[in-house]
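The sequence lines fix the lettering, A, B, ..., with proteins before strands; numbering per chain opens at 1.
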Number of protein chains: 2
Amino acid sequence: MKTPLQEPTFLILTALAEGPMHGYGLILKVTELSQGRLSIRPGTLYGSLDRLADDGLVTVDRNEIVDGRARKYYRLTKEGFSLLRAETERMRRAVEAATSRLNGRAAAQPLTAPLGPNLAGGVA
Amino acid sequence: MKTPLQEPTFLILTALAEGPMHGYGLILKVTELSQGRLSIRPGTLYGSLDRLADDGLVTVDRNEIVDGRARKYYRLTKEGFSLLRAETERMRRAVEAATSRLNGRAAAQPLTAPLGPNLAGGVA
DNA sequence: ACCTAATACCTTCGTTGCGAAGATATCTTC
DNA sequence: GAAGATATCTTCGCAACGAAGGTATTAGGT
């Protein structure tokens, strides 16, 4: 698998970490996880699932028929969990690095700290 | 600019949040920020800088000659800072979502909590 | 009965960001 | 004088993503 993971792939793994889920459910879940900012498309989802399956990070859990509609459930493999853990750590470090640089150096510093001209404005 | 940002672009903005920096310095800085796991290549850097400049997120700060070698310094614009803030927040939420799912639901839960079979093994 | 929306699957195709590789030039070190 | 570090930039291929559309069933509204 090619790390660093991109956002859609990361969120798919995150959603699956909660438990097995079917494709359409993943589309809804990822939209919810990103608070509506990122709505994943079928082309993205199934392409991503194919790649993840090829790399042994997800597998098909089971097939169900609910109200006459087919549902294919996917779940994370051990490797999938491992990768998600590693990627989460990597992202956490990146977020920390950015945060400390945006908040005048010290990471835990309150927002009332003196800010430079470029840091002053919030949303430009 | 097309969000979500990918890792290399995010780290370039993060490095520039510290202050103006020239291309070669960015290559070294990003490698340092990612603790050696991601070493950014010139093709990635200059392609990325071009796109960021087109989108008004970075600008050329100044040109210097140091020991006969040209140095071109880039810096973040206001929009660059804004975008980095927004992207950092987005990533923080994604990290939190993944963390809570990896650590048996409650985010602040100790690691001694009961784990399912797939969650048991650390690094597979 | 008919149409629309929601649920559920999947494919094709274009764009684009990234990575590998290499070209160019100067200064330093051996 | 060769090699390596510093410093710039370009070309090219690939793979992930996003948009769009195709198929099928069920539920709800009129």
> Roughly how far, to the nearest 0.5 Å, is NZ of B:K72 from CG of B:L49?
Replying inline: 9.0 Å
Pair up each side-chain donor or acceptor in residues 4-15 of chain A with any protein partner under 3.5 Å, not counting sequence neighbours, and list the distances.
unit_1	atom_1	unit_2	atom_2	d
A:E7	OE1	B:R90	NH1	2.5
A:E7	OE2	B:R90	NH1	2.6
A:T9	OG1	A:S48	OG	3.4
A:T14	OG1	A:F10	O	2.9

>> Checking B:R51 now: which residues fulfil side-chain hydrogen bond (donor to acceptor under 3.5 Å, both in side chains) with it, not counting sequence neighbours?
In response: none
> Looking at residues at least two apart in the chain, or sitting in another chain, which of them share a salt bridge (Lys or Arg N to Asp or Glu O under 4.0 Å) with A:E32?
Replying inline: A:K29
>> Any heavy-atom pair between the side chains of B:R85 and B:E89 that's under 4.5 Å?
In response: no
>> If you compare all heavy atoms of A:L26 against all heavy atoms of A:M21, which two are closest, and at what distance to 0.1 Å?
In response: CD2-SD, 3.8 Å
>> Base contacts versus sugar-phosphate-only contacts with protein, heavy atoms under 4.0 Å: please encode nucleotides 16-30 of chain C as B, S and - from 5' to 3'.
In response: -SBBBBB---BS---
>> Does A:Y74 reach a base, just sugar-phosphate, or nothing at all? Heavy atoms under 4.0 Å.
In response: sugar-phosphate
> Distance check: side-chain N/O of A:Y46 vs OP1/OP2 of C:dT11, anything under 4.0 Å?
Replying inline: no
> Which residues in residues 52-65 of chain A have at least one heavy atom lying under 4.0 Å from any atom of DNA chain C?
Replying inline: none
>> List the residues meeting salt bridge (Lys or Arg N to Asp or Glu O under 4.0 Å) with A:R69, not counting sequence neighbours, and say none if there are none.
In response: none
> Which residues within residues 21-32 of chain B lie with some heavy atom under 4.0 Å of an atom in DNA chain D?
Replying inline: B:H22, B:G23, B:Y24
> If you round to the nearest 0.5 Å, how far is OG1 of B:T88 from CZ of B:R93?
Replying inline: 11.0 Å
> Between the two end axes of the helix from C:dA1-D:dT30 to C:dC30-D:dG1, each built from 5 base pairs, what angle do you get to the nearest 10°?
Replying inline: 10°
> With clusters built from Ile, Leu, Val, Met, Phe, Trp and Tyr whose side-chain heavy atoms come within less than 4.5 Å, directly or transitively, what are the remaining members of the cluster of B:Y24, listed by chain and number?
Replying inline: B:L28
> For A:D61, what residues pass the side-chain hydrogen bond (donor to acceptor under 3.5 Å, both in side chains) criterion, not counting sequence neighbours?
Replying inline: A:R75
> What is the distance from CG of A:D50 to P of C:dC10, rounded to the nearest Å?
Replying inline: 8 Å
>> Tell me every residue that passes side-chain hydrogen bond (donor to acceptor under 3.5 Å, both in side chains) with A:Y73, counting only those two or more places apart in sequence or in another chain.
In response: A:R71
>> How long is the straight-line distance from CD of B:E18 back to OG of A:S100, given to the nearest 0.5 Å?
In response: 7.5 Å
>> If I take atom CZ in residue A:R71 and atom P in nucleotide C:dC10, what distance separates them, rounded to the nearest angstrom?
In response: 14 Å
> With sequence neighbours excluded, what pairs up with A:R62 under the salt bridge (Lys or Arg N to Asp or Glu O under 4.0 Å) test?
Replying inline: A:E64
